[in-house]
Structures are given as structure tokens and as C-alpha cells.
Amino acid sequence: MAHVKLILLEDIENLGLAGEEVSVAPGFARNYLLPRKLAAKATPNVLKILAARREQIEARRQAELAEAQALAAKLAELELTIPMQAAADEQLFGSVTPRMISEKLAENGFNVEHSRIRTEAIKTLGSFVAEVKLHTDVKADVKIWVVRA
């Protein structure tokens with residue numbers, strides 16, 4: 001299958017950074033990247049526009065990185081307590097999901113999407129650590145206490 005060569009206009013996780021030339025499947029380009037204006041076909045005009053925006057893109061990347069590092073420092077100090085119903089042998093009725101962790105973070109003033117939270121399956125009472133991916137280079141660990149409700 002032939003691939004389409006595009007220039008990325010925005011940073012896209014697991015694909016590349018703004019200004020890079022990437023080769024993607026035609027359907028991905030046609031249905032996702034081009035309609036959302038995340039990428040454009042490599043033409044001289046697009047290359048000129050990117051050259052003019054390069055400083056803005058770098059400044060935005062640096063600001064996002066600094067913001068993610070500051071948030072990671074705050075999250076590292078945080079301990080969440082999640083009350084759950086459990087059986088006598090400390091097995092939970094259900095499990096603690098990334099969505100539940102995200103909601104608890106929101107209650108504490110941190111807006112983190114549940115898709116950015118990685119954790120093992122939490123099915124017992126106790127102490128656990130969840131990894132939060134804030135940026136491509138920044139990850140934070142959040143300590144979670146699962147207690148009997």
C-alpha cells in the first residue's frame with residue numbers, strides 16, 4: 001500500500017513533531033490529519049509558513065514542557081484516597097479504574113485525562129502507584145490508597 005508524505009503542522013503523539021515530514025497511510029491522512037489541519041501536503045508554500053512559525057512552535061513546546069514539569073512536581077507530592085467496598089478478604093467489588101483516578105484528581109484541582117493514566121489492575125485494598133503521562137518527556141507517579149468504604 002502506498003503511503004502519503006505530509007508535513008506535520010502540530011505535534012502528534014506517536015507520530016512526530018511539528019515541521020517533520022512523515023509518511024502515513026492515505027486513509028489516516030484523508031480522514032484524520034488533513035480535515036483537522038494537523039498536517040499538510042509538502043508544498044513550497046507550506047514549508048515557508050512552517051519556517052515562519054518555527055519560533056512560535058518552539059516557544060509553545062518549551063512552555064508546555066515547563067507546565068508539565070511543574071504539574072509533575074505537584075502530583076508527586078499528592079496522595080489520593082479512594083474508598084471502595086470490599087469483601088472480608090480485602091478483594092474489591094469491582095476495581096479502581098483510570099477514570100476514577102482522574103475524577104479524584106479533578107476533585108483535588110488537577111485536570112488530567114483518564115487516557116493519560118497508566119496503572120495495573122487495582123482489585124484489592126492497599127497502596128498503589130499510578131503513572132500519569134503529562135508530556136512526551138514528563139511522567140509523574142501518584143500514590144493511591146484504596147480503603148474500605
Rounded to the nearest 0.5 Å, what's the gap from [atom1] on [X] to [atom2] on [Y]? Could you check?
{"X": "Leu105", "Y": "Leu80", "atom1": "CG", "atom2": "CG", "result": "5.0 Å"}
{"X": "Glu13", "Y": "Arg116", "atom1": "CD", "atom2": "CZ", "result": "5.0 Å"}
{"X": "Asn108", "Y": "Lys74", "atom1": "CG", "atom2": "NZ", "result": "12.5 Å"}
{"X": "Glu131", "Y": "Ile117", "atom1": "CD", "atom2": "CD1", "result": "11.0 Å"}
{"X": "Lys139", "Y": "Asp141", "atom1": "NZ", "atom2": "CG", "result": "9.5 Å"}
{"X": "Lys41", "Y": "Leu6", "atom1": "NZ", "atom2": "CG", "result": "7.5 Å"}

Taking the side chain as every heavy atom from C-beta outward, state whether [X] and [Y] have any pair of such atoms under 4.5 Å apart.
{"X": "Thr97", "Y": "Met100", "value": "yes"}
{"X": "Leu134", "Y": "Leu75", "value": "yes"}
{"X": "Leu78", "Y": "Phe110", "value": "yes"}
{"X": "Thr119", "Y": "Val96", "value": "no"}
{"X": "Val146", "Y": "Thr124", "value": "no"}
{"X": "Arg148", "Y": "Glu90", "value": "yes"}

Inspect the surroundings of [atom1] in [X] and state if more than 12 heavy atoms from other residues, nucleotides or ligands are less than 6.0 Å away.
{"X": "Lys123", "atom1": "NZ", "result": "no"}
{"X": "Gln85", "atom1": "CD", "result": "no"}
{"X": "Glu67", "atom1": "CD", "result": "no"}

Nearest atoms (heavy-atom pairs only) where [X] meets [Y]:
{"X": "Met84", "Y": "Ser95", "answer": "CE-O, 3.9 Å"}
{"X": "Ala40", "Y": "Leu34", "answer": "CA-CD2, 4.0 Å"}
{"X": "Ala39", "Y": "Leu8", "answer": "CB-CD2, 4.0 Å"}
{"X": "Trp145", "Y": "Ser127", "answer": "CZ3-CB, 3.7 Å"}
{"X": "Ala2", "Y": "Pro26", "answer": "O-CD, 3.2 Å"}

> Which is it for Val138 and Leu71 under the side chain to side chain contact (heavy atoms under 4.5 Å, CB included) test, yes or no, and what are the steps along the way?
Replying inline: CA-CA 10 Å; Val138 180; Leu71 184 58; over 6 Å; no
Among the clusters formed by ILVMFWY side chains lying less than 4.5 Å apart, do [X] and [Y] turn up in the same one?
{"X": "Val4", "Y": "Val46", "value": "no"}
{"X": "Leu17", "Y": "Ile7", "value": "no"}
{"X": "Phe28", "Y": "Ile12", "value": "yes"}

> So, does Ser102 use its side chain to make a donor-acceptor pair with the main chain of Val112 at under 3.5 Å?
Replying inline: yes
> So, does Arg118 use its side chain to make a donor-acceptor pair with the main chain of Ser115 at under 3.5 Å?
Replying inline: yes
Throw together a table of side-chain donor-acceptor distances under 3.5 angstrom for residues 49-61, partners on residues two or more places apart or in other chains.
unit_1: Glu58; atom_1: OE2; unit_2: Arg61; atom_2: NH1; d: 2.6
unit_1: Arg60; atom_1: NH2; unit_2: Glu10; atom_2: OE1; d: 3.2
unit_1: Arg61; atom_1: NE; unit_2: Asp11; atom_2: OD1; d: 3.3
unit_1: Arg61; atom_1: NE; unit_2: Asp11; atom_2: OD2; d: 3.0
unit_1: Arg61; atom_1: NH2; unit_2: Asp11; atom_2: OD1; d: 3.0
unit_1: Arg61; atom_1: NH2; unit_2: Ala18; atom_2: O; d: 3.2

> Run the side chain to side chain contact (heavy atoms under 4.5 Å, CB included) check on Leu15 and Leu38 step by step: do they pass?
Replying inline: CA-CA 11 Å; Leu15 188 59; Leu38 298 174; over 6 Å; no
